[in-house]
**Q** 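Here you go, one structure.
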Amino acid sequence: MDILKQKFQEKAEALFKENRAMLKENGDMVIDQTTISQVFGGMRGMKSMIWETSELDAFEGIRFRGNSIRQLRKLLPKVEGGKEPLPEGLFWLMLVGEIPSKREATWLGEEWKKRAEVPKHTFTMLDALPIDTHPMTQFSTAILSMQTESIFAQRYAEGINKKDYWDAYYEDSMNLLARLPRVAAYIYRRTYRNGEHIEPNPELDWGANFAHMLGVTDNPDFLSLMRLYLTIHADHEGGNASAHTTHLVGSTLADPYYSLSAGMNALAGPLHGLANQEVIKWILGMVEDLGTDTPSNDQITDYINKTLSEGKVIPGYGHAVLRQADPRYMAQRIFAEDYIDNDPIVSIVWKLFNIVPPLLHDLGKVKNPWPNVDAHSGALLMHYGMKDFGFYTVLFGVSRAMGVLAAGVWSRALGMPLERPKSLTSLAVKQIIEKSTSNTKD
Ligand code: HAX
């Protein structure tokens with residue numbers, strides 16, 4: 001058994017026992033109440049799921065196993081002389097709750113290299129898709145096409161003991177993470193670079209090798225950006241649409257390939273991960289409309305008001321949980337301050353930070369007028385020459401896979417059941433109200 005799996009097994013067995021005892025003792029304790037607004041309003045804030053890998057606070061933002069992004073940048077292992085964390089280290093942290101040593105993070109990177117071979121039919125399948133197929137469609141389909149390799153599905157068919165589900169889930173998750181950068185880079189190169197593919201470089205760490213295969217630039221700062229990008233997008237607790245979808249599909253014991261592909265379909269929505277493409281599309285639209293890449297505050301204000309008056313949202317702003325500027329946005333801003341001088345799109349992104357929130361606040365209905373992670377990422381990618389914004393959500397997806405797969409291994413280890421919440425008709429809600437009102441009168 002490999003070192004990470006062994007560590008996981010020890011932790012998982014202990015938590016399984018602890019949770020079962022806790023449930024036996026306290027299973028009937030009420031921890032939440034549900035309002036009609038929550039039932040109609042996308043289940044905001046309803047406590048309904050166990051998710052071990054990260055936790056989101058509305059004001060402090062995301063914490064991965066208790067660590068903020070600022071702490072991750074300090075504590076996670078880095079390459080020699082590098083400033084940004086290795087995403088391999090974050091996966092280790094999410095899976096077993098410990099900051100890995102440099103040796104452990106390197107071991108994980110090497111393990112992924114051994115598992116990195118993508119089945120040939122995945123490339124054949126991608127090549128058969130029309131070239132203008134959206135990269136997220138290609139990504140989700142490519143993940144699904146690799147399901148032929150699922151160890152979980154194979155062992156289930158052979159009659160696996162439910163106590164061993166997590167083991168097969170772990171193997172599939174490790175294989176998927178090893179292969180996703182190659183698959184994603186293949187999609188990028190076939191869609192935007194005439195199908196001129198770049199072989200992996202076994203000397204590089206996971207994030208840097210991905211950057212290398214994308215082949216956007218020789219600038220080593222892009223490797224640093226990729227390491228940071230892949231770290232900060234990995235997880236955002238369990239309730240966001242991509243995580244929750246992966247979790248839901250996994251709860252049916254569909255294997256990680258089915259689950260992750262489904263999660264990526266959720267990420268492809270413009271209110272979720274596709275917002276990173278929408279932000280740059282919107283900013284480029286503004287630059288074109290105004291005929292300048294150095295618009296004044298008044299010009300930007302007019303453009304925002306025009307967007308709102310057309311019944312559209314301002315992409316990259318707002319959040320279902322956060323109630324302050326997203327620390328993932330701030331981490332990218334700090335990166336830009338550190339690495340980038342005078343970039344017109346980055347400058348617009350920073351101007352928007354001052355202009356958008358008061359305008360959204362004045363609408364009187366937006367609960368969080370501050371920027372989210374997607375408000376900044378595209379400007380950094382544009383700076384290094386990745387102008388193909390249709391691909392941005394795939395980058396997000398490669399990172400998000402780490403969080404949702406680590407959480408999936410935990411779900412199987414903790415014996416999480418089939419997810420099946422209760423739905424109501426509008427009439428049923430009316431009847432609940434009537435009953436409650438007549439009880440009060442009585
Ligand atoms: N621009 C304009 N209006 C906005 C808005 C924005 N950025 N954010 C919220 N609103 C509006 C909502 O559309 C809603 O209007 P209606 O009542 O007319 O339907 C109202 O304000 C209340 O919404 P809310 O409660 O503040 O926000 P929700 O929890 O319903 O939605 C969203 C959260 C992220 C979907 C929302 O803020 C939004 O659409 N933002 C723009 C898209 C975006 O950036 N998405 C990425 C989010 C982060 C993420 O998942 N990244 O992957």
Side-chain angles (χ1 to χ4, degrees), residues 12 15-16 19 23 31-32 34 38-56 62 91 94-95 136-137 139-147 150-153 155-156 160 162 165-173 176-177 180 233-275 319-321 393-394 396-425:
L15 189 60
F16 179 86
N19 281 359
L23 270 169
I31 58 168
D32 206 2
T34 307
Q38 284 175 305
V39 175
F40 275 95
M43 301 186 276
R44 296 287 181 283
M46 257 186 215
K47 297 187 182 74
S48 54
M49 201 192 313
I50 295 295
W51 195 265
E52 303 293 347
T53 46
S54 69
E55 202 173 357
L56 182 59
I62 191 66
F91 182 71
M94 288 191 293
L95 198 66
M136 278 305 278
T137 313
F139 191 51
S140 170
T141 317
I143 292 168
L144 204 52
S145 79
M146 294 192 284
Q147 192 274 339
S150 173
I151 291 167
F152 185 91
R155 290 203 197 149
Y156 194 89
I160 189 174
K162 59 164 75 170
Y165 287 166
W166 70 268
D167 186 315
Y169 218 87
Y170 172 91
E171 292 300 330
D172 276 351
S173 299
L176 262 165
L177 290 167
L180 289 180
H233 286 79
D235 207 28
H236 219 222
E237 75 170 31
N240 69 79
S242 53
H244 186 198
T245 305
T246 311
H247 176 81
L248 167 67
V249 177
S251 85
T252 71
L253 299 185
D255 62 60
Y257 294 85
Y258 283 119
S259 308
L260 183 65
S261 173
M264 291 302 106
N265 296 341
L267 194 70
L271 296 187
H272 190 20
L274 203 80
H319 202 272
V321 180
T393 313
V394 176
F396 193 155
V398 172
S399 173
R400 182 49 56 96
M402 284 198 290
V404 299
L405 290 173
V409 183
W410 271 103
S411 294
R412 299 291 76 75
L414 295 178
M416 292 302 174
L418 176 75
E419 197 170 276
R420 208 311 185 179
K422 176 86 186 103
S423 64
L424 296 168
T425 59

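None of the values given here were measured: they were computed from a predicted structure.
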**Q** Output the distance between atom CH2 (Trp51) and atom CE (Met416), rounded to the nearest 0.5 Å.
**A**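 So the gap between those two atoms works out to 10.5 Å.
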**Q** Which pair of non-hydrogen atoms, one from Glu55 and one from Ile62, has the smallest distance, and what is that distance?
**A**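 Minimum heavy-atom separation between Glu55 and Ile62: O-CD1, 3.5 Å.
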**Q** Quick one: CE on Met136 to CG on Leu267, what's the gap to the nearest 0.5 Å?
**A**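 Nearest 0.5 Å value for the CE-CG distance: 4.5 Å.
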**Q** Roughly how far apart are Met402 CE and Leu180 CG, rounded to 0.5 Å?
**A**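 The CE atom of Met402 sits 10.0 Å away from the CG atom of Leu180.
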**Q** Residues two or more places apart in sequence or in another chain: which of them pass side chain to side chain contact (heavy atoms under 4.5 Å, CB included) with Ala320?
**A**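 Scan of Ala320 (side chain to side chain contact (heavy atoms under 4.5 Å, CB included), adjacent residues dropped) gives Arg44.
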**Q** Can you tell me how far OG1 of Thr34 sits from NZ of Lys47, rounded to the nearest 0.5 angstrom?
**A**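 Rounded to the nearest 0.5 Å, the NZ-OG1 separation comes to 10.0 Å.
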**Q** Quick one: pull up CG in Asp167 and CD1 in Ile151 and give me the separation to the nearest 0.5 Å.
**A**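 It comes to 9.0 Å.
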**Q** Please state whether the rings of Tyr169 and Phe152 are parallel, tilted or perpendicular, taking 30° and 60° as the class boundaries.
**A**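 Because their plane-to-plane angle is over 60°, the rings of Tyr169 and Phe152 count as perpendicular.
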**Q** Go through the steps for Leu260 and Arg400 under the test side chain to side chain contact (heavy atoms under 4.5 Å, CB included), then give the verdict.
**A** CA-CA 9 Å; Leu260 183 65; Arg400 182 49 56 96; over 6 Å; no
**Q** With Ser48, which residues qualify under side chain to side chain contact (heavy atoms under 4.5 Å, CB included), at least two apart?
**A**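 With sequence neighbours excluded, Ser48 shows a side chain to side chain contact (heavy atoms under 4.5 Å, CB included) to no residue whatsoever.
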**Q** Ignoring hydrogens and angles, write down the donor-acceptor pairs under 3.5 Å from the side chains of residues 404-415, residues two or more places apart or on other chains.
**A**
from	atom 1	to	atom 2	distance (Å)
Trp410	NE1	Leu95	O	2.8
Ser411	OG	Ala407	O	3.2
Arg412	NH1	Gly250	O	3.2

**Q** Would you compute the distance between atom CD1 of Ile50 and atom NE2 of His247 and round it to the nearest 0.5 angstrom?
**A**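 So the gap between those two atoms works out to 9.0 Å.
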**Q** Can any side-chain N or O of Asp172 pair as donor or acceptor with the backbone N or O of Ser150 at less than 3.5 Å?
**A**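 Here the side-chain-to-backbone pair does not exist.
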**Q** Once ring pair (Phe, Tyr, Trp, His ring centres under 6.0 Å) is applied, do any residues pair with His233, and if so which ones, sequence neighbours excluded?
**A**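 Checked His233 against ring pair (Phe, Tyr, Trp, His ring centres under 6.0 Å); matches are Tyr229, Phe396.
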**Q** Run the side-chain hydrogen bond (donor to acceptor under 3.5 Å, both in side chains) test against His244 and tell me which residues pass, sequence neighbours left out.
**A**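 Partners of His244 by the side-chain hydrogen bond (donor to acceptor under 3.5 Å, both in side chains) criterion, ordered by chain and then number, come out as Glu419.
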**Q** List for me each residue that meets ring pair (Phe, Tyr, Trp, His ring centres under 6.0 Å) alongside His272, sequence neighbours excluded, and say none if there are none.
**A**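 Result, ring pair (Phe, Tyr, Trp, His ring centres under 6.0 Å) vs His272: none returned.
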**Q** Between Leu274 and Ala268, what is the shortest heavy-atom contact and its length?
**A**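 That would be CB-O, 3.4 Å.
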**Q** Kindly give the heavy-atom pair with the smallest separation between Ser242 and Gly263, and that separation in Å.
**A**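 So the minimum-distance heavy-atom pair works out to CB-O, 3.4 Å.
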**Q** Can you list everything that forms a ring pair (Phe, Tyr, Trp, His ring centres under 6.0 Å) with Tyr257? Sequence neighbours excluded, please.
**A**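 Ring pair (Phe, Tyr, Trp, His ring centres under 6.0 Å) check on Tyr257 returns nothing, list empty.
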**Q** Restricting to side-chain hydrogen bond (donor to acceptor under 3.5 Å, both in side chains), what partner residues turn up for Thr393, sequence neighbours left out?
**A**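 Here the qualifying residues are Asn276.
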**Q** Identify the heavy atoms of Leu248 and Ser251 that sit nearest to each other, and give their distance.
**A**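 Looks like O-OG, 2.8 Å.
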**Q** Mind checking what makes side chain to side chain contact (heavy atoms under 4.5 Å, CB included) contact with Ser423, not counting sequence neighbours?
**A**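 Side chain to side chain contact (heavy atoms under 4.5 Å, CB included) check on Ser423 returns nothing, list empty.
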**Q** Tell me, yes or no, whether the heavy-atom count around Tyr258 atom OH, taken from other residues, nucleotides or ligands under 6.0 Å, exceeds 12.
**A**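 For Tyr258, atom OH is not crowded (no more than 12 foreign heavy atoms under 6.0 Å).
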**Q** Where is the tightest heavy-atom contact between His236 and Leu56, given as atom of each residue plus distance?
**A**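 In this case the closest contact between His236 and Leu56 is NE2-CD1, 3.5 Å.
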**Q** Taking all atoms of both residues into account, what is the closest heavy-atom pair of Ile160 and Ala168, and its distance?
**A**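 Of all heavy-atom pairs spanning Ile160 and Ala168, the closest is CD1-CB, 4.1 Å.
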**Q** Listed by chain and number, what are the side-chain hydrogen bond (donor to acceptor under 3.5 Å, both in side chains) partners of Ser140, not counting sequence neighbours?
**A**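 Per chain and number, Ser140 pairs via side-chain hydrogen bond (donor to acceptor under 3.5 Å, both in side chains) with Ser261, Asn265.
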**Q** The criterion is side-chain hydrogen bond (donor to acceptor under 3.5 Å, both in side chains); which residues satisfy it with Gln147, sequence neighbours excluded?
**A**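 side-chain hydrogen bond (donor to acceptor under 3.5 Å, both in side chains) check on Gln147 returns Asp255.
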**Q** With sequence neighbours left out, write down each residue that passes side chain to side chain contact (heavy atoms under 4.5 Å, CB included) with Leu23, or none if nothing qualifies.
**A**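 For Leu23, no residue satisfies side chain to side chain contact (heavy atoms under 4.5 Å, CB included) once neighbours in sequence are set aside.
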